[in-house]
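In what follows, every heavy atom counts, from backbone to side chain, and hydrogens, waters and symmetry copies are set aside.
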Amino acid sequence: TQSTWADGLELDIVVVDLIQRGKEPDTGIDNFIFEVRFSPRMTMVKAVALILKGATGGQWTFPIQLSATDPEADSTVYIKSAGLNKNSELTITAHSKSSESESYTAYFLDGSDAAFTFNLSKVI
């Protein structure tokens, strides 16, 4: 049995593995268990199809809806003031889960002092 993705979805963000294949003893119907790992790099909603093609020419299509939303913030960083009219610094090290650089968003929460600035000094 061969499986393919329709609709032009990038293959590196969806991985499908056949975990188990068997037959129902009473009916002889084939059963398949798949593991699907969806690792998008951005928010998206995509309708795709898992297509199974049998050796004798049969084809079965299973629609799948993939949805990736914005994640919750990983954490909140609090910077304590060094004193009036003095700069405070905080070094934050963020690690990517892959060997490639990842995009990120840094922002101040509502109600933060508007006089703060953010400087990105080094990206590794």
K.L.:
Any idea which heavy atoms bring Q65 and A47 closest together, and the distance?
P.N.:
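Scanning both residues, the minimum pair turns out to be OE1-CB, 3.8 Å.
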K.L.:
Could you tell me which residues satisfy side chain to side chain contact (heavy atoms under 4.5 Å, CB included) with T61, sequence neighbours excluded, listed by chain and number?
P.N.:
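Applying side chain to side chain contact (heavy atoms under 4.5 Å, CB included) to T61 gives A49, I51, Q59.
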K.L.:
From D30 CG over to R21 CZ, what is the distance, rounded to the nearest 0.5 angstrom?
P.N.:
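Interatomic distance, D30 CG to R21 CZ, rounded to 0.5 Å: 5.0 Å.
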K.L.:
Could I get the full list of salt bridge (Lys or Arg N to Asp or Glu O under 4.0 Å) partners for E35, not counting sequence neighbours?
P.N.:
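Applying salt bridge (Lys or Arg N to Asp or Glu O under 4.0 Å) to E35 gives R37.
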K.L.:
Can you list the other members of the hydrophobic cluster that holds I33, where links are side-chain heavy atoms under 4.5 angstrom apart?
P.N.:
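ILVMFWY cluster around I33 also holds I19.
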K.L.:
How many angstroms lie between CE in M44 and OG in S67, if you round to the nearest 0.5 Å?
P.N.:
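M44 CE to S67 OG: 10.0 Å, rounded to 0.5 Å.
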K.L.:
Should I64 and F34 count as side-chain neighbours, where that means a heavy-atom distance under 4.5 Å?
P.N.:
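In short, these two side chains do not touch, never coming nearer than 4.5 Å.
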K.L.:
So V36 and V14, side-chain contact (heavy atoms from CB on, under 4.5 Å) or not? Walk me through it.
P.N.:
CA-CA 7 Å; V36 178; V14 178; 4.2 Å; yes
K.L.:
Going by side-chain hydrogen bond (donor to acceptor under 3.5 Å, both in side chains), name the residues that satisfy it together with E24, two or more places apart in sequence or in a different chain.
P.N.:
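With neighbours one apart ignored, the set is N31.
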K.L.:
For residues A68 and F38, report the shortest heavy-atom separation together with the two atoms involved.
P.N.:
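Minimum heavy-atom contact is CB-CE2, 3.9 Å.
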K.L.:
Sequence neighbours excluded, which residues qualify as side chain to side chain contact (heavy atoms under 4.5 Å, CB included) partners of T43?
P.N.:
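Partners of T43 under the side chain to side chain contact (heavy atoms under 4.5 Å, CB included) test: D70.
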